[in-house]
Amino acid sequence: MFKKCLHLLKIGSTNVDLVLDAYEYKSGELVTGYFEIKGGKLNQKIKRLECDLILKDTNTKKKQGIESATTILMTKTINSSEVTKIPFKYIIPTELQSTSKDFIYLFQTKIIFHDNLRDMDYDEIKICS
């Protein structure tokens, strides 16, 4: 219970960050980077890592999933102060429209722990024609 409270308050919890080589792409282009997982004050067992490409309407703030970029199943324990990097590659779908003032594209990254707690990260990308 104490562990859940600390995690919900984001105190000393393990977190994930998607680090991309660029943030502007064309349809059909390869996206490269890596997931950086940083251990917190407590050791935590990771169950899986998910990353989805989503479309966000800037007017209504509604998010709509486009497709799963990757899902990595794992049984890894991240120790406190440990940093792990996992490579990321994804090809932007060719049918996507260019980013506009009405909508943006995001990579939503989730790390799910063994006790079903999770940490999320959002990275905005721009799709150009």
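Computed from a prediction, not measured in an experiment: that's the story for all the values here.
With a 4.5 Å cut-off on side-chain heavy atoms, Glu95 and Ser27 do not count as touching. Looking only at side-chain heavy atoms (C-beta outward), Ile46 and Ile37 come within less than 4.5 Å of each other. Contact of the Asp52 side chain with the Thr70 side chain is not registered, since no non-hydrogen atoms from C-beta on lie closer than 4.5 Å. No side-chain heavy atom of Leu42 sits under 4.5 Å from any side-chain heavy atom of Ser80. Residues Val31 and Leu20 have side chains in contact (heavy-atom distance under 4.5 Å, counting atoms from C-beta outward). Using a 4.5 Å cut-off on side-chain heavy atoms (C-beta onward), Ile111 and Glu50 make no contact. Side-chain contact between Cys51 and Ile72: absent, with no pair of heavy atoms (C-beta onward) separated by less than 4.5 Å. For the pair Met120/Gln108, a side-chain contact is recorded, criterion being any heavy-atom separation below 4.5 Å from C-beta on.
In this structure, Tyr105 has its ring center under 6.0 Å from that of Phe103.
Taken from CD1 in Ile125 to CD in Glu24, the straight-line distance is 10.5 Å, to the nearest 0.5 Å. In this structure, Glu29 CD and Leu96 CG are separated by 12.5 Å, a value rounded to the nearest 0.5 Å. Note that the CD1 atom of Ile54 and the OG atom of Ser68 stand 12.0 Å from one another [nearest 0.5 Å]. Taking OG1 of Thr109 as the reference point, atom CG of Asn15 lies at 11.5 Å (rounded to 0.5 Å).
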Begin with the C-alpha distance, continue with both residues' side-chain angles, and end with the deciding distance and a verdict on side-chain contact (heavy atoms from CB on, under 4.5 Å) for Arg48 and Met74.
CA-CA 5 Å; Arg48 77 181 173 272; Met74 59 177 81; 5.6 Å; no
Test log, rule side-chain contact (heavy atoms from CB on, under 4.5 Å), inputs Lys76 and Lys45:
CA-CA 6 Å; Lys76 177 171 177 52; Lys45 288 176 87 172; over 6 Å; no
Side chain to side chain donor-acceptor pair (under 3.5 Å) between Asp21 and Thr32, worked out:
CA-CA 6 Å; Asp21 295 332; Thr32 57; 2.5 Å; yes
Would you check, one step at a time, whether the test side-chain contact (heavy atoms from CB on, under 4.5 Å) holds for Leu55 with Ile104?
CA-CA 6 Å; Leu55 177 71; Ile104 58 173; over 6 Å; no
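Residues Gly39 and Ile78 approach most closely at CA-CG2, 3.4 Å, considering heavy atoms. When all heavy atoms are compared, the tightest approach of Phe113 to Lys47 is O-CE, 3.7 Å.
Checked by atom type and distance alone, the side chain of Asp17 never pairs as donor or acceptor with a backbone atom of Phe35 at under 3.5 Å. For Asp57 (side chain) and Asn59 (main-chain N/O), a donor-acceptor pair under 3.5 Å exists by modelled atom type. At distances below 3.5 Å, at least one donor-acceptor pair connects side-chain atoms of Asp121 with backbone N or O atoms of Leu18. With hydrogens and angles ignored, the 3.5 Å screen pairs a side-chain donor or acceptor of Thr99 with a backbone N or O of Ile127. Checked by atom type and distance alone, the side chain of Gln44 pairs as donor or acceptor with a backbone atom of Thr14 at under 3.5 Å. Between the side chain of Asp119 and the backbone N or O of Val16, at least one donor-acceptor pair lies under 3.5 Å. Of the possible polar contacts, none joining the Asn79 side chain to the Glu82 backbone as a donor-acceptor pair under 3.5 Å is found. In this structure a side-chain-to-backbone donor-acceptor pair under 3.5 Å is present from Ser98 to Ser129.
Within a 6.0 Å sphere centred on NZ of Lys110, heavy atoms belonging to other residues, nucleotides or ligands number more than 12.
Phe88 and Tyr90 have parallel rings, their planes meeting at less than 30° on a 0 to 90° scale where 60° marks the start of perpendicular.
Hydrophobic clustering keeps Ile86 apart from Ile91 (ILVMFWY residues linked when any side-chain heavy atoms are closer than 4.5 Å, directly or through intermediates).
Seen from the ring of Tyr122, Lys63 counts as a face-on cation partner, given the 6.0 Å and 45° thresholds.
Side-chain atoms of Thr58 and Asp102 include no donor-acceptor pair closer than 3.5 Å.
Salt-bridge formation is not detected for the pair Glu124/Lys126: no Lys NZ or Arg NE/NH1/NH2 atom is positioned less than 4.0 Å from an Asp or Glu carboxylate oxygen.
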